[in-house]
Amino acid sequence: MKVFDTQSQTLKEFSPLDDNKVKMYVCGPTVYDYPHLGHARCYITWDVVYRYLKFRGYDVTYVRNITDIDDKIINKALQTGFSTKEIADKYYFEFEKAMNELNTAKPDIEPKATENIEEMIDIIKTLCEKGFAYPADGDVYFNVANFKKYGRLSKQNLEDLKSGARVEASEKKQNPFDFALWKAVKDETEPGWNSPWGKGRPGWHIECSAMSKKFLGETIDIHAGGQDLIFPHHENEKAQSEAAFGKDFVKYWMHNGFVKINEEKMSKSLGNYITIGDVLKKYDANTIRFFILTNHYRMPVEFGDQALESAKNGIKRLKNAYEDIKTITSEEKIKEAENIISFLFDEVAKTEHIPFHGIDSLEEAQGLEKKIPPEIANSLILSLKNFINAMDDDFNTPKALSVLFEIAGRAQKIKQSDSAEFGLFYIAMLLKLSNVLGFDLTKEEKASDELASQLMDVIINLRQISREQKNWEMSDRIRDELVKIGITLKDHKDKKTTWSLSD
RNA sequence: GGCGACAUGGCCAAGUGGUAAGGCAGGAGUCUGCAAAACUCUUACCCCCAGUUCGAAUCUGGGUGUCGCCUCCA
């Protein structure tokens, strides 16, 4: 399995520091406003990485922090009259809600900056003792000139940085690129914590160094975030942690590309962002995830209605495969099929190998052949193999998605043959793999309540009677009227009729 | 100014040096009472120029264009 490491700018063979344990840290949001599509991309990307690593049998500890104290939060508090805590709590709630709705897995640990101030102070103390930091008038700054490896991650050196410098000079700093580890409170109204340097609050970067160390250790496997964090955030984190602990901070630095809108980066400062909540009003979680995963995670992705519509129709196709097979069999049968093929997944997790060559020797596999015709079993294994090859190649989700379409196509095709019932196994594979990518194809987008569901049954039954009487005028009219309110009917061969919401 | 990324059919997009996956949209057909869904068929010499090579979308050099980071940002 290969992952692209930002620091070396190359694909590296993935091998965790400690056996099969993976320590993964993702920079979380600063909670001062509603999360937007850029956040969605970032956290869906790392959600998929997390899910895939687990699928591959790694024992992953996923930490994603919450920045709940920061200048922007303070400003928002001043503007609105709420306390910084109230602001942070409100938008943390909004963030969690959005993440849930997008079906992203909860990180194993989600630490908040304000709950780890002591740990940050400890690191700052160490940095001062080691000569990498200096106090200045209640602030504490990191001395970049003293850290020889500064700039290695972002491929910058201090001289070049200076030529394009946009940082404001400060008399307190010895070098314009020195950055704050600790900031003194301006006055008593600002939130602050006591420290050896007086009352103040942490600088932005130190929280990640502290929480990463506390929850994962001094050296971790994966540190991820948006590309805009490479400089200065990650460069600075790296400097702090490596200066303080004297060892490498991160084995694999990984960064996701941006969401663009009108050929421009979507960002708060440009004001061209669309909130996750707004997108969810029009498109569901599967659609948004599909939209994001059709591009490789390091490439930019252009947001637009056309792209979302295309994603909506794409995911619908996968979903139709599930629903069409479900109508000729049953949900239970599909579940059973999932259980039957699950040993393949266990095998991948256990051995980290695709059970392609070894399949004949597996006990379960022999059972499998009794239940599934060999050509179907082979096809399933081949798909699994293709999926793994795609994802092993730096999480090539566009390619992985093409495997899902292939499986869905096979299921649909076999549905029209004599051995239609074996479509179950394709669907089982489809569901399992789509799950690794965080899709939920079984999610009912049907009746929002029991009453609506019962009403639909009544309508379909009445229409069925008119169809049996060959009253096409009436049955077509019922169907047309339903389309107008966003409900699509499908008549199946066995006289069964199913319905779904079109949006 | 420094650093970096990208340029593939109408749109999106994958692509390991050997004559271009997949999705969306469009067209034709099959199925269906008609639809819907599905299935079948259907459209590319890969920004330009030069070079390396028996052979390049894929490597090298040079253009052109777009985007990003260097201030907060996922």
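The model shown is predicted, which means the values in this text are computed figures rather than measured ones. By convention in this document, chain letters (A, B, ...) are assigned in the order of the sequence lines, proteins followed by strands, and residues within each chain are numbered from 1.
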Cationic tip of A:Lys72 above A:Tyr32 ring, under 6.0 Å, 45° of axis = yes
request  = Using the six-membered ring of A:Phe258, assess whether NZ or CZ of A:Arg41 lies under 6.0 Å from its centre and within 45 degrees of the ring axis.
outcome  =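 Relative to the ring axis of A:Phe258, which defines the angle, A:Arg41 lies outside at least one limit.
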query = Under 3.5 Å, is there a donor-acceptor pair linking the side chains of A:Tyr92 and A:Glu110?
reply =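 Side chains of A:Tyr92 and A:Glu110: pair found under 3.5 Å.
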message = Can you confirm whether the side chains of A:Glu207 and A:Thr67 place a donor and an acceptor under 3.5 Å from each other?
response =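 Short answer, yes.
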Considering only atom [atom1], compute the distance from [N] to [M] and round it to an integer number of Å.
N: B:G22; M: B:U60; atom1: P; result: 28 Å
N: B:A74; M: B:G68; atom1: C1'; result: 13 Å
N: B:A37; M: B:G23; atom1: P; result: 15 Å
N: B:A20; M: B:A57; atom1: C1'; result: 8 Å
N: B:G17; M: B:C12; atom1: C1'; result: 27 Å
N: B:G9; M: B:C47; atom1: P; result: 8 Å
N: B:U66; M: B:C48; atom1: C1'; result: 15 Å
N: B:A50; M: B:G55; atom1: P; result: 15 Å

Which base sits across from [N] as a Watson-Crick or G-U pair, both distances under 3.5 Å?
N: B:U58; answer: none
N: B:U53; answer: none
N: B:G26; answer: B:U42
N: B:U64; answer: B:A7
N: B:U16; answer: none
N: B:A37; answer: none

Which part of the nucleic acid, if any, lies within reach of [X] when heavy atoms closer than 4.0 Å are counted: base, sugar-phosphate only, or nothing?
X: A:Met299; value: sugar-phosphate
X: A:Leu489; value: base
X: A:Lys413; value: sugar-phosphate
X: A:Tyr43; value: sugar-phosphate
X: A:Gly257; value: base

Which one, [options], comes nearest to the side chain of [X]?
X: A:Asn320; options: B:A37, B:G33, B:A74; answer: B:A37
X: A:Asp476; options: B:A74, B:G33, B:A14; answer: B:G33
X: A:Asp324; options: B:A37, B:G68, B:C31; answer: B:A37
X: A:Glu263; options: B:G68, B:C6, B:C67; answer: B:C67
X: A:Gln412; options: B:A37, B:C34, B:A14; answer: B:A37
X: A:Ser402; options: B:C34, B:A21, B:G23; answer: B:A21
X: A:Phe290; options: B:G23, B:G33, B:C72; answer: B:G23
X: A:Leu161; options: B:C24, B:A36, B:C70; answer: B:C70
X: A:Asp393; options: B:G22, B:A74, B:G15; answer: B:G15
X: A:Pro398; options: B:A14, B:A74, B:A35; answer: B:A14

So, does [X] get its side chain near the phosphate of [N], meaning an N or O under 4.0 Å from OP1 or OP2?
X: A:Lys265; N: B:C69; result: yes
X: A:Asn396; N: B:G15; result: yes
X: A:Arg317; N: B:C39; result: yes
X: A:Asn295; N: B:A13; result: yes
X: A:Asn313; N: B:A25; result: yes

ask   = Angle class for the A:Phe179/A:His205 ring planes (parallel below 30°, perpendicular above 60°, tilted otherwise)?
value = perpendicular
ask   = What is the ring orientation for A:His36 with A:His39, classed by angle as parallel under 30°, tilted 30 to 60°, or perpendicular over 60°?
value = tilted
Are [Y] and [X] an aromatic pair, judged by ring center distance below 6.0 Å?
X: A:His234; Y: A:His255; answer: yes
X: A:Tyr297; Y: A:Trp46; answer: yes
X: A:Tyr34; Y: A:Tyr91; answer: yes

message = Between C1' on B:G68 and CD on A:Glu264, what's the gap in Å once rounded to a whole number?
response = 11 Å
request  = Mind calculating the distance between CD1 (A:Ile230) and C1' (B:A5) to the nearest angstrom?
outcome  =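 Whole-Å distance recorded here is 10 Å.
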query = Which ones in residues 139-156 of chain A lie close to RNA chain B, meaning a heavy atom under 4.0 Å from one of its atoms?
reply =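 The stretch gives A:Ser154, A:Lys155, A:Gln156 as the residues lying under 4.0 Å from the strand, ordered by number.
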task = Go through the N and O atoms of the side chain of A:Arg41 and the base of B:A74, and report whether any donor-acceptor pair is under 3.5 Å.
result =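 Per atom types, no contact qualifies.
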task = Please confirm whether any donor atom in the side chain of A:Asp160 sits under 3.5 Å from an acceptor in the base of B:G1, or the reverse.
result = no
ask   = Which heavy-atom pair separates A:Leu424 from A:Ile325 by the least distance, and what is that distance?
value = N-CG2, 4.0 Å
query = Closer to the 5' end of RNA chain B via nearest nucleotide, is it A:His205 or A:Asn157?
reply =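 Comparing both residues, the 5'-ward one is A:Asn157.
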inquiry  = Can you work out whether A:Ser475 or A:Gln9 has the more 5'-proximal nearest nucleotide on RNA chain B?
reply    =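 The residue whose closest nucleotide sits nearer the 5' end is A:Gln9.
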key: side-chain contact (heavy atoms from CB on, under 4.5 Å) partner of A:Arg289, chosen from A:Val48, A:Ile315, A:Leu437   =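 Single pass found, and it is A:Val48.
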key: Aromatic ring of A:Trp472 stacked on base six-ring of B:G33, 5.5 Å, 30°   = yes
